[in-house]
Amino acid sequence: MNLVRLKRRADFLRVAKSGRRYATPGLVLQVAHRQAGTFGGSEASLGIGFTASKKVGNAVARNRAKRRLRAAVAIVMPRHAAANRDYVLIGRQATLRRPFTELQQDLLKALGRTKSLADGARDEP
RNA sequence: CCAGACGGCUGGACGGUCGCCGCCAUCGCCAUUUCAUUUGAUUGGGGAUGGGGGAGGAAAGUCCGGGCUCCACGAAAAACGGUGCCGGGUAACGCCCGGCGGGGGCGACCCCAGGGAAAGUGCCACAGAAAGCAAACCGCCGGCGCCUUCGGGCGUGGCAAGGGUGAAAGGGUGCGGUAAGAGCGCACCGCGCGGCUGGUAACAGCGGCGGCAUGGUAAACCCCACCGGGAGCAAAACCGAAUAGGGAUGGCGCGUUGGGCUGGGUUUCGGCAUUUGCCGUGACUUGGCCCGGCAGGCGUGUUCGCGCCGCCGUCCGGGUAGGUUGCACGAGGCGUCCGGCAACGGGCGUCCUAGAUGAAUGACCGUUCAGCGCCGCCAAAUAUGGGCCGUGGCGUGGACAGAACCCGGCUUACAGGCCGUCUGGCGCC
RNA sequence: GCGGGCGUAGCUCAAUGGUAGAGCAGGAGCUUCCCAAGCUUAAGACGAGAGUUCGAUUCUCUUCGCCCGCU
């Protein structure tokens, strides 16, 4: 399984419009099934995008929120996230101060509530 | 030592672990274009290892000024916007430097949109008699007239000192003068006019004349002088998928009927010609295009109805998504010498120093360095408490904030630290 | 990147450079057996800092916050 970064505004809009959504104290997760052949590859893949609005804070705070989300994704997603989906993680103000282990728990919980856990990988990290 | 003014620098250090974004080298993997065809070179994607690089003084706000790119354009004026003491610096500026004038501070020093109010218009609330044109509310006053309770009152006149209102009342202070007063006279100050001297100038100084005429407001309209074409790297250039539409071209297909235009074939008659034939004319037949009717097909809709009318392939151009360039050598940094009070300019030497694009520099740990808090020790002191300096232990502990085409300024945010110059005060020698 | 607008009482909005006003809400009182409605009454604000002016919510500059448009 390979991870693909979502980088186009159209991708973010599509996920926000058509996907499931779940909010935790540390982050907001949006998930959408990806259309067949969107990226052409036959093997299993998933797309991940990160975003943080101006409400999180200034540029330093927004970049920091997205960095923490990337770090949590690098630990949790490869084992626990279902493939052939696009994920968008939205940073919140609490993303900056929340302990990192709890941030990982938030991500895992959000995956479960959006029915996006990978098969056979439901044990704790 | 305390309090303060100004200018400049800095924006933690070292090590370890795990990570991020470009670049270079080497080595695998996947796909594939082109060239030669054991296979290699080339192109694209992704990976491993090693090497090297990777945010700021404000990168910020976007308040000004430029470079650069594209568009427009004969010049000027008008309109609109901006700037506004003088001189200099600069690519340019609303910036900077040096002066001048005004204001504040004991002082070092700081602040000022600081042209024009005798070109015109508007406004100046409340109060006040009066707010711009000269007037007189309470008042002051010699003479004359009348009245009188002999204190004075009224009228006629003269005046603006004093009172009062106001932010501001048609120069201010003092002396003289007068019935009382008044630039009425004089001195000083202010103002205006013209002169001399110094200064590039703003302006300053000196002496003369006038005798007050000219209230304030231009960050009210306005006048004068100067400056300004517009848009912005999401500019702009190049490459360019799929779909739809446009053009060219090949193949196949192209109902029926009426009319019009036009082309081909067969042929009648006439004319010309030596023959093939040419011209005109009529008949039959066969295509193309246009208009109309009927029929048909496709799409949509419950129906009425509405819309469209060839299909397939190849090529061409415009152009969207996307990509590449623009894009990191520049009004560049550092050092030094020269000119200049300075801003800055010039010469020489030397260095290359971020290029991301949902956007890279971070996280954790240890040691350390300032700082801060608490507790002690030494010293000082008549004593107690507190503070300063030195020193020990423990704890705490690093701000504001992230390049987005580039540069010069301004403004704003910021834990703190360091250096230099200067001012005022206290103490000691 | 470019441009526009708005900050006034707890809320929604007014106001030529001259004492900031209205409606609703909240407080007190009157009225009623009680409540509502009604009547009376007092309190309450110019986002912040400078400047111009005799005087600033208004004019100018800086700054903070919010909203909107184009690309």
Side-chain angles (χ1 to χ4, degrees):
Chain A
M1 179 187 323
N2 53 353
L3 271 66
V4 177
R5 283 290 298 280
L6 300 182
K7 291 188 175 183
R8 296 193 209 296
R9 177 172 167 78
D11 295 332
F12 284 82
L13 293 178
R14 177 173 54 77
V15 172
K17 187 178 178 183
S18 65
R20 288 174 172 273
R21 175 189 180 88
Y22 186 73
T24 68
L27 54 88
V28 177
L29 178 69
Q30 292 175 336
V31 186
H33 287 270
R34 80 169 27 181
Q35 286 92 338
T38 301
F39 280 84
S42 58
E43 60 182 313
S45 66
L46 52 87
I48 299 178
F50 303 91
T51 188
S53 79
K54 242 180 175 179
K55 283 192 176 178
V56 175
N58 58 25
V60 172
R62 294 197 298 269
N63 288 343
R64 178 181 171 85
K66 285 188 278 190
R67 260 198 319 269
R68 299 197 80 193
L69 291 177
R70 273 200 297 273
V73 162
I75 293 172
V76 175
M77 298 286 275
R79 289 183 55 212
H80 299 284
N84 293 317
R85 285 177 170 84
D86 283 332
Y87 301 85
V88 169
L89 285 117
I90 303 172
R92 321 182 69 180
Q93 287 187 354
T95 309
L96 302 172
R97 301 183 307 274
R98 196 155 174 83
F100 193 68
T101 55
E102 296 185 28
L103 201 61
Q104 296 178 50
Q105 294 297 325
D106 285 344
L107 178 56
L108 203 61
K109 182 179 180 186
L111 285 173
R113 294 298 293 260
T114 53
K115 299 182 169 52
S116 299
L117 278 176
D119 296 330
R122 296 182 187 275
D123 51 343
E124 291 297 306

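What you are looking at is a predicted structure, and each value in this text was computed from that prediction instead of being measured.
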Using atom [atom1] of [X] as one end and atom [atom2] of [N] as the other, report the distance to the nearest whole Å.
| X | N | atom1 | atom2 | value |
| --- | --- | --- | --- | --- |
| A:R67 | B:C21 | CZ | P | 13 Å |
| A:L103 | B:A363 | CG | C1' | 13 Å |
| A:F50 | B:A360 | CZ | P | 12 Å |
| A:I75 | B:C18 | CD1 | C1' | 10 Å |
| A:K54 | B:A60 | NZ | C1' | 12 Å |
| A:N63 | B:C21 | CG | C1' | 13 Å |
| A:L69 | B:G19 | CG | C1' | 16 Å |
| A:R70 | B:G358 | CZ | C1' | 9 Å |

Quick one: closest heavy-atom pair of [X] and [Y], and the distance?
| X | Y | answer |
| --- | --- | --- |
| A:L69 | A:I90 | CD1-C, 4.2 Å |
| A:A110 | A:L27 | CB-CD1, 4.4 Å |
| A:R92 | A:A23 | NH1-CB, 4.4 Å |
| A:K55 | A:Q93 | O-NE2, 2.7 Å |

State which of B:U361, B:A363, B:G358 makes the closest approach to the side chain of A:T51.
->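 Shortest atom-to-atom distance from the side chain points to B:G358.
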Please determine, for the side chain of A:N58, which listed nucleotide (B:G402, B:A360, B:G362) has the closest atom?
->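 The closest nucleotide is B:G402.
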Is the base of [N] syn or anti, where syn means the angle lies within 90° of 0?
| N | value |
| --- | --- |
| B:U42 | anti |
| B:G151 | syn |
| B:G57 | syn |
| B:A55 | syn |
| B:G310 | anti |

Look at the side-chain N and O atoms of A:R64 and state whether any lies under 4.0 Å from the OP1 or OP2 oxygen of B:A363.
->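 Checking A:R64 against B:A363: at least one side-chain N or O falls below 4.0 Å of OP1 or OP2.
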Which base, if any, makes a Watson-Crick or G-U wobble pair with [N], both distances under 3.5 Å?
| N | result |
| --- | --- |
| B:U421 | B:A5 |
| C:G65 | C:C6 |
| B:G287 | B:U262 |
| B:A59 | none |
| B:G107 | none |
| B:G207 | none |
| B:C294 | B:G255 |
| B:C18 | B:G362 |

If you find the nucleotide of RNA chain B closest to A:K66 and the one closest to A:V60, which residue's nucleotide is nearer the 5' end?
->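 That would be A:K66.
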Write down the distance separating the [atom1] atoms in [N] and [M], rounded off to the nearest Å.
| N | M | atom1 | result |
| --- | --- | --- | --- |
| B:G390 | B:C410 | P | 39 Å |
| B:G362 | B:G393 | C1' | 35 Å |
| C:A50 | C:A15 | P | 28 Å |
| B:G174 | B:G163 | P | 12 Å |
| B:A379 | B:G392 | C1' | 15 Å |
| B:C315 | B:G330 | C1' | 50 Å |
| B:A237 | B:C327 | P | 15 Å |
| B:C24 | B:G53 | C1' | 11 Å |

Start with the C-alpha gap between A:L107 and A:M77, add the side-chain angles, then the distance that decides, and say whether side chain to side chain contact (heavy atoms under 4.5 Å, CB included) holds.
-> CA-CA 9 Å; A:L107 178 56; A:M77 298 286 275; 4.3 Å; yes
Roughly how far, to the nearest 0.5 Å, is the OH atom of A:Y87 from the CG atom of A:L111?
->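 The CG atom of A:L111 sits 6.0 Å away from the OH atom of A:Y87.
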The single option from A:T101, A:T24, A:V28, A:L29 passing side-chain contact (heavy atoms from CB on, under 4.5 Å) against A:D106 |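 Looking at A:T101, A:T24, A:V28, A:L29, the match for A:D106 under the side-chain contact (heavy atoms from CB on, under 4.5 Å) is A:T24.
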Using a heavy-atom cut-off of under 4.0 Å over every strand shown, decide if A:R68 touches base, sugar-phosphate, or nothing.
->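 Nothing, no heavy atom under 4.0 Å.
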Run the side chain to side chain contact (heavy atoms under 4.5 Å, CB included) check on A:K115 and A:R20 step by step: do they pass?
-> CA-CA 9 Å; A:K115 299 182 169 52; A:R20 288 174 172 273; 3.9 Å; yes
